[in-house]
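This report refers to the structure that appears directly beneath it.
For reference, positions follow the sequence shown, starting with 1.
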Amino acid sequence: MAITAQEIETLLREAFPEGQITVQGDDGQHFAAEVIDASFAGKNRVQQQRAVYAALKGKMDGSAGELHALALTTKAPN
């Protein structure tokens, strides 16, 4: 089953309620997301991206995952 940009955004907003979140993509498989959140302060890029993947609750897990590709940009606010 395909996932929508809105579903991805909803999952991310649950995990990062104060964050600035943008999700783009409409083919059901390939998306781009930007997540800017204060919780990323002091974390390296890998730690930030792991937090985002955890928020997606397994939607990217393995070949059976609903989300095939996600170009991800993460950072703490200035």
Side-chain angles (χ1 to χ4, degrees):
M1 181 170 179
I3 191 168
T4 67
Q6 183 60 51
E7 290 171 307
I8 295 168
E9 185 173 334
T10 298
L11 289 169
L12 295 176
R13 290 199 183 279
E14 288 173 5
F16 307 102
E18 302 298 319
Q20 297 174 26
I21 298 168
T22 306
V23 179
Q24 297 177 330
D26 61 4
D27 71 354
Q29 292 185 343
H30 303 90
F31 298 90
E34 180 179 60
V35 181
I36 303 170
D37 192 75
S39 69
F40 295 151
K43 294 182 180 177
N44 65 38
R45 186 174 301 159
V46 171
Q47 292 168 321
Q48 294 173 15
Q49 291 185 353
R50 284 182 180 158
V52 172
Y53 292 140
L56 295 175
K57 302 178 180 177
K59 300 292 184 188
M60 288 191 75
D61 290 352
S63 60
E66 295 175 58
L67 179 53
H68 175 69
L70 178 65
L72 186 57
T73 302
T74 58
K75 59 184 176 181
N78 294 331

query = Is there a side-chain contact between Gln47 and Asn44, using heavy atoms and a 4.5 Å cut-off?
reply = yes
ask   = Rounded to the nearest 0.5 Å, what separation is found between the NZ atom of Lys57 and the CG atom of Leu67?
value = 14.5 Å
request  = Could you grab the distance from atom CD of Glu34 to atom CD of Gln24, nearest 0.5 Å is fine?
outcome  = 9.0 Å
request  = Would you give the length of the straight line joining atom CE of Met60 to atom CG of Leu72, rounded to the nearest 0.5 angstrom?
outcome  = 8.5 Å
request  = Taking all heavy atoms of Phe31 and all of Ile3, pick out the closest pair and write down the distance.
outcome  = CZ-O, 3.3 Å
inquiry  = Return the CD to OG1 distance between Glu9 and Thr22, rounded to the nearest 0.5 Å.
reply    = 7.5 Å
ask   = Are Leu11 and Glu7 side-chain neighbours, meaning at least one heavy-atom pair lies under 4.5 Å?
value = no
task = Give the minimum heavy-atom separation between Gly19 and Arg13, together with the two atoms involved.
result = O-NH1, 3.8 Å
ask   = Above 12 or not: heavy atoms from other molecules or residues under 6.0 Å from CD of Glu14?
value = yes
task = Over all heavy atoms of both residues, which pair between Ala55 and Ala15 is shortest? Give the atoms and the distance, please.
result = CB-CB, 3.3 Å
ask   = Does Leu56 reach the side chain of Leu12, with side-chain heavy atoms less than 4.5 Å apart?
value = yes
task = Could you tell me the separation between the OG1 atom of Thr4 and the CD atom of Glu66, rounded to the nearest 0.5 Å?
result = 9.5 Å
request  = Work out which heavy atom in Ala41 is nearest to a heavy atom in Ala76; give both atom names and the distance.
outcome  = N-CB, 3.7 Å
inquiry  = So which atom in Phe40 and which in Lys75 form the shortest heavy-atom distance, rounded to 0.1 Å?
reply    = CD1-O, 3.3 Å
inquiry  = Which heavy atom of Glu18 sits nearest to which heavy atom of Asp37, and what is that distance?
reply    = C-OD1, 3.9 Å
